[in-house]
Amino acid sequence: MSTAVDEDPFATHRSLLFTVAYEMLGSAADAEDVLQDAWLKWDRVDRSEVRDARAFLVRVVSRTALDCLRTVARRREDYVGPWLPEPLVTTHDVAEDVELADSVSMAMLLVLETLAPTERAVFVLREVFGLDYDELAEAVDKSEAAVRQIAHRARSHVDARRPRVDVTRAEAESVVVAFRSALETGDLQALANLLAPDVVALADGGGVKQALPRPVRGRDKVSRLFAAGWARFPGAITLEPLELNGWPALLVHLDGEVDSVFAFAIEDGLITGSYAIRNPEKLSRVAAATTLTR
């Protein structure tokens, strides 16, 4: 038996709308705020005048998220230490959608952080969700000619910074399993062999938990960093595999409590980026999977 709520287009498309907002913002908490604002706007709309509810709602969420993005961009400038996107535990269906998994990966979300707000909105809506240029123009309140230029500029920017080599899920899982084993056995050489020469390690504690104040670069420095961190808490750390933002990752427990998550960027069988999130405000969604769709 269906209900009025089940039949409401906003409820029907909520996962899609959340995904749009999350990809534009890199924060589940901010995405939820955007959806709340978008719902209030939707609730005031005369539904009889809406021909395509899905397209209409995507535009509403996009505009609201773009306004939010301009605000949080200024807030992130004052963030303590490196800012990393809020991680999401995802289901296998996200991993099976290769383009979606790539677009929500930690590495890609960090690339998107380097775009200006309107560029990010246009890139996400065009490249991930396939909006036509006339729809893009309406969503970001620009002319069609302008959004074509913005889309081209954003695509070039992202292509220059995104991972150069595609990696399969099986390859990524193999590297993460080997990384976990090297840490647990204390095999520093095996650990170093999994790291690219120019690997970068980032950690986000949000000023609440101890974390790296700045990026650590290079195979030797990063391998020693991991080894030293593991040695500080002998027997107290456990690593658990999980699916994070569409890719294999690790959940870290310290003395039985959730401490952090590790996500990775992997190319040619080597870890090129390690992303540790310790900020407790960003770990609220690691207990259950979030549905992402496009």
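Predicted model only: the values in this text are computed from it and were never measured.
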**Prompt:** Under the side-chain contact (heavy atoms from CB on, under 4.5 Å) criterion, do C68 and D33 qualify, and how do the steps go?
**Reply:** CA-CA 9 Å; C68 180; D33 288 343; 5.9 Å; no
Non-hydrogen side-chain atoms of [X] and [Y] separated by less than 4.5 Å:
X	Y	value
V58	F129	no
T290	L292	yes
M106	V261	no
L110	R161	no
D141	R63	no
E23	V104	yes
D97	E99	yes
H92	R169	yes

Any side-chain to backbone donor/acceptor pair from [X] onto [Y]? Under 3.5 Å, distance only.
X	Y	answer
T19	S15	yes
R76	W83	no
T90	G246	yes
E173	P248	no
R74	R70	yes
T64	V34	no
D132	D134	no
W247	F264	no
S181	V177	no
D43	W39	no

Least distance between heavy atoms, [X] atom then [Y] atom:
X	Y	value
A227	L188	CB-CD1, 3.7 Å
A196	T272	CB-CG2, 3.9 Å
R294	V128	NH1-O, 3.0 Å

Is [X] salt-bridged to [Y], going by a charged N under 4.0 Å from an acidic O?
X	Y	result
R59	D52	no
E32	R14	yes
E113	R120	yes

About how many Å separate [atom2] of [Y] and [atom1] of [X], when rounded to the nearest 0.5 Å?
X	Y	atom1	atom2	answer
R153	L115	CZ	CG	9.5 Å
S103	R162	OG	CZ	9.0 Å
Y133	S143	OH	OG	13.0 Å
L35	D30	CG	CG	12.0 Å
L17	T293	CG	OG1	8.0 Å

**Asked** In terms of ring plane angle, is the pair F56 and W42 parallel, tilted or perpendicular, where the classes change at 30° and 60°?
**Response**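 Because their plane-to-plane angle lies in the 30° to 60° range, the rings of F56 and W42 count as tilted.
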**Prompt:** F179 vs F262 aromatic rings, parallel, tilted or perpendicular, using cut-offs 30° and 60°?
**Reply:**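 Plane angle between 30° and 60°, so tilted.
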Residues 202-223, side-chain donor-acceptor partners within the protein, below 3.5 Å, at least two apart:
unit_1, atom_1, unit_2, atom_2, d
D204, OD1, Y79, OH, 2.6
D204, OD1, G206, N, 3.0
D204, OD2, Y79, OH, 3.2
D204, OD2, L84, N, 3.0
D204, OD2, K282, NZ, 2.5
R219, NE, A192, O, 3.3
R219, NE, L195, O, 2.8
R219, NH2, L195, O, 2.9
S223, OG, R219, O, 3.0
S223, OG, D220, O, 3.0

**Prompt:** More than 12 foreign heavy atoms under 6.0 Å from NE2 of H253: is that the case here?
**Reply:**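 Enclosed: over 12 neighbouring heavy atoms sit under 6.0 Å from NE2 of H253.
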